Amino acid sequence: MKYLVLAGLVAALGGCVSAPELDLTNVDHACSQRCSSEYSRCTTGFKLFPLVEQAHCNESLKVCVSTCGPSQPVSASASSSQKLTELSELYKRGLINQKEFDAKKQDILKAL
């Protein structure tokens with residue numbers, strides 16, 4: 001009987017509350033990233049009452065996302081600029097060679 005009560009107590013204190021179901025597709029990307037980062041910090045580490053803390057973190061995430069503005073369409077030049085930056089980073093890290101870099105760069109510039 002004592003073990004059954006202890007098991008019930010452990011289950012209650014260490015229970016699992018899942019993250020809230022939020023649709024972040026129509027929310028500003030940078031803001032949603034910040035909210036997700038804050039949520040991750042909130043949910044990590046030791047919690048004396050994990051269910052209460054998880055519920056608090058879930059509510060904080062909902063409030064944070066509600067303050068974000070709508071997502072903004074990415075302009076073609078910003079998108080191309082971002083692609084070129086990412087391509088350059090791949091080359092610097094040695095993940096693609098010079099020939100691959102030049103070919104992909106030309107493709108991106110042609111799309112402008």
Side-chain angles (χ1 to χ4, degrees):
M1 180 67 175
K2 185 167 47 171
Y3 294 110
L4 186 58
V5 171
L6 182 59
L9 183 60
V10 168
L13 291 177
C16 181
V17 175
S18 62
E21 295 290 326
L22 296 173
D23 181 17
L24 301 177
T25 56
N26 296 324
V27 178
D28 178 61
H29 180 70
C31 185
S32 66
Q33 289 288 80
R34 181 180 51 81
C35 293
S36 295
S37 178
E38 289 175 12
Y39 179 76
S40 293
R41 276 194 299 276
C42 182
T43 57
T44 56
F46 174 77
K47 308 289 190 228
L48 185 58
F49 299 104
L51 294 176
V52 174
E53 292 294 327
Q54 182 69 44
H56 169 74
C57 294
N58 289 353
E59 192 58 34
S60 294
L61 177 63
K62 289 178 187 176
V63 169
C64 183
V65 169
S66 71
T67 64
C68 295
S71 61
Q72 301 296 322
V74 179
S75 67
S77 62
S79 177
S80 297
S81 175
Q82 184 178 9
K83 287 179 183 178
L84 288 171
T85 301
E86 291 172 3
L87 182 65
S88 178
E89 187 62 32
L90 291 173
Y91 177 70
K92 288 177 187 175
R93 294 163 91 190
L95 299 174
I96 59 174
N97 62 34
Q98 182 69 48
K99 185 177 179 180
E100 294 168 322
F101 173 81
D102 291 338
K104 189 64 179 173
K105 181 180 172 184
Q106 288 303 315
D107 290 344
I108 294 169
L109 293 176
K110 285 179 186 176
L112 289 177

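The model shown is predicted, which means the values in this text are computed figures rather than measured ones. Excluded from the calculations below are hydrogen atoms, water molecules and symmetry mates; all remaining heavy atoms, backbone and side chain alike, are included.
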Approximate separation, where rounding is to 0.5 Å, of Y39 OH and Q54 CD:
4.0 Å
Shared hydrophobic cluster for I108 and L95 (ILVMFWY, side-chain gaps under 4.5 Å):
yes
With sequence neighbours excluded, what pairs up with I96 under the side chain to side chain contact (heavy atoms under 4.5 Å, CB included) test?
L87, L90, Y91, E100, F101
Give a yes or no on whether the backbone of S81 and the side-chain of T85 come within a donor-acceptor separation of less than 3.5 Å.
yes
The complete set of ring-ring contact (aromatic ring centres under 6.0 Å, His included) pairs with one or both residues in residues 50-70, sequence neighbours excluded, reads none
Provide the closest heavy-atom pair for C35 versus C68 in the form atom of the first, atom of the second, distance.
SG-SG, 3.8 Å
Could you give the distance from NZ (K104) to NZ (K83), rounded to the nearest 0.5 Å?
7.0 Å
Are S66 and K62 close enough, and set up right, to give a side chain to side chain contact (heavy atoms under 4.5 Å, CB included), and what steps lead you there?
CA-CA 6 Å; S66 71; K62 289 178 187 176; over 6 Å; no
Measure the CD-CG distance between E21 and N58 for me, rounded to the nearest 0.5 Å.
10.5 Å
If every non-hydrogen atom of L61 is compared with every non-hydrogen atom of S36, which pair is closest and at what distance?
CD1-N, 4.4 Å
Is there a side chain to side chain donor-acceptor pair (under 3.5 Å) between Q106 and D102 once you walk through the steps?
CA-CA 6 Å; Q106 288 303 315; D102 291 338; over 6 Å; no
To the nearest 0.5 Å, what is the distance between CD (E53) and SG (C42)?
6.5 Å
Please give me the minimum heavy-atom distance between C64 and R34, naming the atom from each residue.
SG-NH1, 3.7 Å
